[in-house]
J.: 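My questions all concern the structure below.
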Amino acid sequence: MAIRSVASRKTLTGLKETSSRLLGFRGIQTFTLPDLPYDYSALEPAISGEIMQIHHQKHHQTYVSNYNNALEQLHQAVNKGDASTVVKLHSAIKFNGGGHVNHSIFWKNLAPVNQGGGEPPKGSLGEAIDTHFGSLEGLVKKMSAEGAALQGSGWVWLGLDKELKKLVVDTTANQDPLVTKGGSLVPLVGIDVWEHAYYLQYKNVRPDYLKNVWKVINWKYASEVYDKECK
């Protein structure tokens, strides 16, 4: 029993140090909603301005707010030595933190057509896509099929496996980031297939959304991430 108590105290001490680094010694909120690098209507007709505004201002903001609240509660629970509450908060932190991480990537993965959205990837990423998927069309077909087949809500990803040095396509449920599928995975392109990302425009026809979203994918950003991670 004494051994368990010592282990518990050590665990809480470690968590206390971690939460202090995340929140600051006053426990202040440190995560904020990022600005979009384009207007809400700039992705039309692929994605409507109404969807973009609600998606960004309502859904992403909710993830940020709930993430901050959960981290503040974690900070308080660790300071009180409340191990039970620390454990209970894990799912809220994963879900809302994942929602913030994923959406922050998603906004960068999109660009208006007049700013390069939809232009095919060039350079090393374009070559890697041809090597692993035969062509860009082959990659688009694979990601669209896997995204359409994903049950419930989640994300479909193009990622770089830094350990195997290869591109991979994978899906994650709910708001799980790609890294939950493997620590060596780096997200290059993530497409949100939650209904809130498309329902107002495409109703329940997810494949139509997945067909059109490629017209505004920011391959330049994906290429920059790929080149950086391959160094």
J.: To the closest 0.5 Å, what do you measure between OH (Y209) and CH2 (W214)?
T.: 10.0 Å

J.: Using every non-hydrogen atom in the two residues, find where P177 and G98 come nearest and quote the distance to one decimal.
T.: CG-CA, 3.9 Å

J.: Decide side-chain contact (heavy atoms from CB on, under 4.5 Å) for N102 and D192; before the verdict, give the C-alpha distance in whole Å, the side-chain angles of both, and the deciding distance to 0.1 Å.
T.: CA-CA 8 Å; N102 291 346; D192 189 349; over 6 Å; no

J.: Could you check whether any side-chain heavy atom of I217 comes within less than 4.5 Å of a side-chain heavy atom of V140, counting everything from C-beta outward?
T.: no

J.: For the residue pair Y199 and N204, establish whether any side-chain heavy-atom pair is separated by less than 4.5 Å.
T.: yes

J.: Hey, are the side chains of S104 and H100 touching, using non-hydrogen atoms and a 4.5 Å cut-off?
T.: yes

J.: Please say whether more than 12 non-hydrogen atoms of neighbouring residues, nucleotides or ligands are located less than 6.0 Å from NE2 in H196.
T.: yes

J.: Could you grab the distance from atom NE2 of H59 to atom CG of L33, nearest 0.5 Å is fine?
T.: 12.5 Å

J.: So which heavy atom on S144 is nearest to which on L210, and how close?
T.: O-CD1, 3.4 Å

J.: Between V64 and F95, is there shared hydrophobic-cluster membership here, with clusters defined by ILVMFWY side-chain heavy atoms closer than 4.5 Å?
T.: no

J.: When you compare the side chain of L178 with that of W155, does any pair of heavy atoms fall below 4.5 Å?
T.: no

J.: Side chains of Q175 and Y63: donor-acceptor distance under 3.5 Å anywhere?
T.: yes

J.: Find the distance between NE2 (H60) and CE (M52) and round it off to the nearest 0.5 Å.
T.: 11.5 Å

J.: Can you confirm whether K181 is buried at NZ, in the sense that more than 12 heavy atoms of other residues, nucleotides or ligands lie under 6.0 Å from that atom?
T.: yes

J.: Which of parallel (below 30°), tilted (30 to 60°) and perpendicular (above 60°) describes W107 and H56?
T.: perpendicular

J.: For the CG atom of L36 and the CZ atom of F106, what is their distance to the nearest 0.5 Å?
T.: 10.5 Å

J.: Check whether any side-chain heavy atom of V186 sits under 4.5 Å from a side-chain heavy atom of Y226, and report yes or no.
T.: no

J.: Provide the closest heavy-atom pair for V169 versus L139 in the form atom of the first, atom of the second, distance.
T.: CG2-CD1, 3.6 Å

J.: Are I93 and V101 connected, step by step, through hydrophobic side chains (Ile, Leu, Val, Met, Phe, Trp, Tyr) whose heavy atoms are closer than 4.5 Å?
T.: no

J.: Which heavy atom in Y38 sits nearest to a heavy atom in L43, and how many Å separate them?
T.: CE1-CD1, 4.0 Å

J.: Kindly assign one of parallel, tilted or perpendicular to the pair F31 and Y67, based on the angle between their ring planes and the thresholds 30° and 60°.
T.: tilted

J.: Where do Y198 and V193 come nearest, in terms of heavy atoms and distance?
T.: CE2-O, 3.6 Å

J.: Report, as yes or no, whether the 6.0 Å neighbourhood of atom CG on D35 holds more than 12 heavy atoms from other residues, nucleotides or ligands.
T.: no

J.: Does E146 pair with K142 as a salt bridge, N-O distance under 4.0 Å?
T.: yes

J.: Among side-chain atoms of N212 and Y202, is any donor-acceptor pair under 3.5 angstrom?
T.: yes

J.: Compute the centroid of each ring, for H103 and then for W194, and state whether the two points are separated by less than 6.0 Å.
T.: no

J.: How long is the gap from CD1 on I51 to CG on L200, to the nearest 0.5 Å?
T.: 5.0 Å

J.: As a quick check of understanding, evaluate side-chain contact (heavy atoms from CB on, under 4.5 Å) for W219 and L136, giving each step before the final call.
T.: CA-CA 11 Å; W219 286 108; L136 177 60; 3.7 Å; yes

J.: Under a 4.5 Å cut-off applied to non-hydrogen side-chain atoms, are L125 and D227 in contact?
T.: no

J.: Search all heavy atoms of S184 against all heavy atoms of D161 and return the closest pair with its distance.
T.: OG-OD1, 2.9 Å

J.: Give the C-alpha distance, both sets of side-chain angles, the deciding distance and a yes or no for side-chain contact (heavy atoms from CB on, under 4.5 Å) between T85 and Q76.
T.: CA-CA 10 Å; T85 297; Q76 295 173 359; over 6 Å; no

J.: Using a strict 4.0 Å threshold on nitrogen-to-oxygen distance, state whether K162 and E229 make a salt bridge.
T.: yes

J.: Determine whether N109 and I191 make a side-chain contact, defined as any pair of heavy atoms from C-beta on separated by less than 4.5 Å.
T.: no

J.: Could you go step by step and tell me if Y221 and L110 meet the side-chain contact (heavy atoms from CB on, under 4.5 Å) rule?
T.: CA-CA 9 Å; Y221 170 77; L110 303 173; over 6 Å; no

J.: How long is the span from the CG atom in L160 to the NZ atom in K166, to the nearest 0.5 Å?
T.: 11.0 Å

J.: Using atom types as modelled and distance alone, determine if a side-chain donor or acceptor of N218 lies under 3.5 Å from a backbone N or O of K108.
T.: yes

J.: With side chains defined as the heavy atoms from C-beta onward, is the minimum distance between K203 and D208 less than 4.5 Å?
T.: no

